[in-house]
Amino acid sequence: MDEYNRFVDWDKMDVTVQSQDAKELTCTEFQELKQLARQGYWAKNHSLRAKVYHKLISNIPCRTVTPDANVYRDIVVKIVGKRNSSSLPLPEFVDNSLVPTYCLNAEGIGAVRKIILCIANQFPDISFCPALPSVIALLLHYSKDEAECFEQVCRILACNNPSKRLIDQTFLAFESSCMTFGDLVNKYCQAAHKLMVAVSEDVLEVYSDWQRWLFGELPMVYIARVFDVFLVEGYKVLYRVALALLKFFHKVRAGQPMESDSIQQDIRAFVRDIAKSVSPERLLEKAFAIRLFSRKEIQLLQMANEKALQQKGITVKQKRYGSHYQQNVHLAVHAENFKSEIVSVKEMRDIWSWIPERFALCQPLLLFTTLEHGCSLSRFYSHSEGHEPTLLLIKTTAKEVCGAYLSTDWSERRRGGNKLSFFGTGECFVFRLQPEVERYEWVIIKHPELATAGSEPENHASPASSTLSSGSVPSDPSDRLSPFLSARHFNLPSKTASMFMAGSSECIIIGGGDGQALYLDADLNHGRTSHCNTFNNQPLCSESFQISVLEVWGFRD
């Protein structure tokens, strides 16, 4: 162990890593490495973990010219000089991030800043990388000297495998990852998301902390276990663990008053003290129990969020005013420029918290209302077409309020000619606001009379739509992209579309999660719902209802 203890303060280190006998790691197959990493095979022996890290990082495909240990030895004296390493200024791209000390001794703590400055010298294209100090500090525990640590970090930064994303190095990549994390929370941690919406004026600001939870607040023994798997499986692991942290935070703190005036501070404190409530093994177990999108699907979602930011001109870090992020990153619906006959400003803000993050950058734009445009389905189509996505709001004569977020342009209905045509993506959802708020996930068309429509060549069922007839379910859904990604947005083939919306000259059908479905007649005066009794959710609204007001909202850049 002696060759890897130069920077370690063993009084702070977990004593179990000192007592375990050394093992060898001979496997090279990905699946076996993945299993061993998740099990913590090399977590109990400091020397073995150091050797495994070196092996895994050495196998990362990198740019042809990647700075190595010799480069560090050549430049460190010129860059650092005789300055006290503890007072060295950090480059702007680390964004005043925490510089964790973990279990480093005084020499190790000073080495972190020296390595950061040398990396800034060799990687002028890095513009935003708040995770870097934590990664360097962690790897120093398992490095023989500063030069070796420098080389390993450089290899991680210089990875040129497009399918193996490791560390964000631009604000665009970082901010889109925060939006992507928000999308994932919205899907997989709905209870926690509801809490964030209730106690925070800007949910995205809370989610922008997600990398800090991992690379800054997590104790050494936890982040090391996460890093074990991260080096094998890549970026997706970080999303998993951050989601698990949020789930545990909500579970442990549910019903308790906030400990500070800021939910951000409460989450940070919880993560710092996570050992009081959750073990590293339990955290990883929870993380890998989440049935997350595939790596390819997450990459596509990230691309969509990056594109939305670029279209808004948000590619560099914006200034912060007070404690809340600027409104051009995450829109709050303003009372002075919003008017609806169906929902209040607060209710619209609640809806806005449910939509995909890339569209939360936009402002609501009223496209159609029966009060102004009349109860005509053709006018509904003419005013709604050309807009994607749209928001449908309905108020019944019984004062019920429900609606739907519709991911796809209504013009897609024309693909079926005069027949009822199914389209849309799994980002669609239906919801109820009155008498009680309820959001229904996993949109599914339930229309027995039209079950055969799913077998038509131009229509394709969602892999998740298990309640459709067997004839409409693809025999091998493994090659499908996630129904939560917009096929139109990525110019993907039509087979990625799903049966969540339907429209003709006679009616509109909108599928709903948990067995909910909404049917509107051509005169837009009457509607009905269906509800599957196998779920405990309350129905969307009355089984048969009369429409008082119907509105369609678009999203304005």
Side-chain angles (χ1 to χ4, degrees), residues 29-40 53 56-57 59-61 129-131 134-135 138 155-157 159-170 172-189 192-193 207-215 218 222-248 271 280-306 356-358 426-427 463-464 478-485 490:
E29 294 295 326
F30 172 75
Q31 288 300 329
E32 189 175 356
L33 276 172
K34 176 179 172 180
Q35 184 178 9
L36 292 175
R38 292 188 179 190
Q39 292 172 350
Y53 280 5
L56 293 174
I57 294 172
N59 289 332
I60 293 175
C129 191
S134 174
V135 173
L138 178 63
R155 291 193 65 83
I156 291 173
L157 294 171
C159 175
N160 62 0
N161 182 348
S163 65
K164 188 168 181 142
R165 181 171 173 222
L166 293 175
I167 297 179
D168 296 327
Q169 299 173 44
T170 66
L172 180 62
F174 172 83
E175 190 65 18
S176 62
S177 78
C178 296
M179 293 169 64
T180 301
F181 179 69
D183 288 330
L184 297 177
V185 172
N186 205 353
K187 166 61 184 169
Y188 296 103
C189 306
H193 182 66
Y207 297 151
S208 292
D209 246 12
W210 80 278
Q211 289 195 27
R212 175 173 173 153
W213 304 341
L214 305 174
F215 297 113
L218 266 184
Y222 290 78
I223 187 58
R225 285 296 307 276
V226 173
F227 206 75
D228 291 346
V229 191
F230 167 72
L231 286 179
V232 177
E233 300 186 40
Y235 200 91
K236 183 179 175 181
V237 170
L238 305 182
Y239 283 131
R240 285 187 176 279
V241 176
L243 289 169
L245 286 171
L246 200 58
K247 282 178 175 286
F248 277 122
V271 176
E281 292 73 23
R282 183 74 184 96
L283 177 63
L284 290 179
E285 180 184 335
K286 186 77 167 179
F288 292 112
I290 300 171
R291 298 185 64 182
L292 205 58
F293 296 153
S294 72
R295 184 178 293 105
K296 181 177 181 181
E297 292 163 350
I298 290 177
Q299 286 175 342
L300 289 173
L301 186 55
Q302 179 104 4
M303 286 166 52
N305 287 329
E306 284 192 7
E357 291 288 355
R358 63 187 182 276
E427 281 187 322
S478 61
D479 63 342
R480 293 293 185 89
L481 295 175
S482 167
F484 274 76
L485 302 178
F490 301 113

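Note that the coordinates shown come from a computational prediction; the quantities given were computed from them, not determined experimentally. Numbering starts at 1 and runs along the sequence shown.
- When each of Phe174, Tyr235, Trp210, Tyr188 is paired with Phe181, the ring pair (Phe, Tyr, Trp, His ring centres under 6.0 Å) condition holds for Trp210 and for no other.
- For the pair Tyr222/Val271, no side-chain contact is recorded, criterion being any heavy-atom separation below 4.5 Å from C-beta on.
- When Leu138, Ile167, Ile223 are each tested for a side chain to side chain contact (heavy atoms under 4.5 Å, CB included) with Phe215, only one passes: Ile223.
- Judged purely by atom type and a 3.5 angstrom limit, Arg155 uses its side chain to pair as donor or acceptor with the backbone of Ile57.
- In this structure Thr180 satisfies the side chain to side chain donor-acceptor pair (under 3.5 Å) test together with Gln302, Asn305, sequence neighbours excluded.
- With values rounded to the nearest 0.5 angstrom, Arg295 atom CZ is found 8.5 Å from Lys164 atom NZ.
- Residue Met303 holds its CE atom at 14.0 Å from CD1 of Ile298, rounded to the nearest 0.5 Å.
- When atom types are taken as modelled, the side chain of Asp183 and the backbone of Glu357 share a donor-acceptor pair closer than 3.5 angstrom.
- Under a 4.0 Å N-O distance rule, the pair Glu233/Arg240 does not qualify as a salt bridge.
- Taken to the nearest 0.5 Å, the OG1 atom of Thr170 stands 10.5 Å off from the CD atom of Glu175.
- A donor-acceptor pair under 3.5 Å is formed between the side chain of Arg225 and the backbone N or O of Arg38.
- When side chains are defined from C-beta on, Val241 does not count as touching Val229, because their heavy atoms never get closer than 4.5 Å.
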(request) Decide yes or no on side chain to side chain contact (heavy atoms under 4.5 Å, CB included) for Leu184 and Ile290, but give the supporting numbers first. (result) CA-CA 11 Å; Leu184 297 177; Ile290 300 171; over 6 Å; no
